[in-house]
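Notes to accompany the following structure.
In each ligand, atom 1 is the first atom listed, and ligand 1 is the first ligand listed.
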Amino acid sequence: MGAIRRQITACSQAADVVQVNRSRRRGRPVLWELFVCTRHVWVANEWGSAHGRQPVEGAETACGLLLDHREPEEVFQSHGDMWLMSLTAATPEDHDGDWAATLHAAADMLHQPPTFGGRIAELLRQAASLAEQISGAGELEEQAVRRQVLSVLAVAETLATTSRQKSIEGRA
Ligand SMILES: [Zn+2]
């Protein structure tokens with residue numbers, strides 16, 4: 001299956017650098033690639049060290065695009081690590097890795113601030129009810145549902161990181 005696309009800045013610039021993270025496994029397959037413009041290198045700093053950074057070559061790519069090549073379970077964990085847990089303290093570990101339970105708990109914990117938190121909570125509930133279809137689904141269908149959940153989470157992630165970006169950059 002293709003990469004899972006995430007968008008983690010709200011920026012209209014073309015990316016100048018790409019942060020590439022490779023597995024330590026044999027052949028060092030690429031785990032994810034994060035594209036950022038010069039102004040948003042600070043976002044890349046939260047994801048990895050300057051070591052894995054290189055200039056963007058070839059076709060123009062928008063700042064903030066994250067191409068995630070990992071398995072859905074690892075992408076879900078990444079959502080937790082990179083933004084969800086800092087907003088809600090809900091972790092997959094506390095729910096035996098059950099996506100639906102984790103997302104319901106996260107939506108319940110997310111109250112503030114109401115302007116963007118309300119929309120994120122709504123998306124988390126939507127992702128949670130999708131995730132309820134994971135158990136009982138056949139293997140192929142399960143993978144499709146997991147990818148749907150991850151695409152809803154990607155929208156929530158964009159909102160969460162954009163909101164933080166605005167507060168850090170001091171713009172409304
Ligand atoms: Zn940018």
Side-chain angles (χ1 to χ4, degrees), residues 1-24 28-92 102-103 106-107 109-127 130 146-172:
M1 285 208 222
I4 293 167
R5 295 171 74 92
R6 297 158 70 176
Q7 177 67 37
I8 62 162
T9 62
C11 175
S12 54
Q13 296 296 308
D16 300 298
V17 293
V18 57
Q19 178 89 37
V20 179
N21 189 282
R22 290 177 181 276
S23 166
R24 288 168 199 272
R28 310 206 63 212
V30 172
L31 298 178
W32 50 259
E33 300 162 89
L34 171 61
F35 295 82
V36 287
C37 73
T38 311
R39 199 159 65 90
H40 288 119
V41 164
W42 67 267
V43 177
N45 286 334
E46 296 186 341
W47 281 76
S49 72
H51 185 66
R53 214 163 286 166
Q54 58 199 58
V56 173
E57 283 160 12
E60 189 171 285
T61 306
C63 171
L65 176 67
L66 173 65
L67 293 176
D68 206 323
H69 303 280
R70 295 174 291 188
E71 292 300 315
E73 283 75 7
E74 294 169 88
V75 178
F76 186 70
Q77 185 64 48
S78 160
H79 276 284
D81 296 341
M82 296 310 294
W83 67 276
L84 194 52
M85 281 170 210
S86 66
L87 283 183
T88 71
T91 74
T102 307
L103 292 167
M109 286 181 217
L110 190 75
H111 300 300
Q112 71 293 359
T115 42
F116 85 93
R119 177 74 181 121
I120 291 174
E122 206 175 282
L123 287 163
L124 289 175
R125 294 211 186 282
Q126 194 185 327
L130 269 171
R146 288 193 191 276
R147 290 179 76 93
Q148 284 175 38
V149 173
L150 292 173
S151 63
V152 176
L153 277 183
V155 177
E157 173 181 48
T158 305
L159 275 178
T161 53
T162 301
S163 150
R164 208 168 58 88
Q165 178 187 325
K166 281 176 178 164
S167 69
I168 288 174
E169 291 167 10
R171 296 188 305 121

Taking only residues at least two apart or on different chains, which pairs with a member in residues 148-160 satisfy side chain to side chain donor-acceptor pair (under 3.5 Å)?
-> Arg6-Glu157

Check the side chains of Trp32 and Glu74 for a donor-acceptor pair under 3.5 angstrom, ignoring hydrogens and angles.
-> no

Okay, side chain of Gln165, backbone of Ala10: is any donor-acceptor separation there less than 3.5 Å?
-> yes

Counting no waters, what protein N/O/S atoms lie under 2.8 Å from the Zn ion (ligand 1)?
-> Cys11 SG, Cys37 SG, His40 ND1, Cys63 SG

Does Leu31 offer a backbone N or O that forms a donor-acceptor pair with the side chain of Asn21 under 3.5 Å?
-> no

Within the side chain of Thr61, is there an N or O that forms a donor-acceptor pair under 3.5 Å with the backbone of Ala15?
-> no

Donor-acceptor pair, side chain of Gln7 and main chain of Val155, under 3.5 angstrom | no

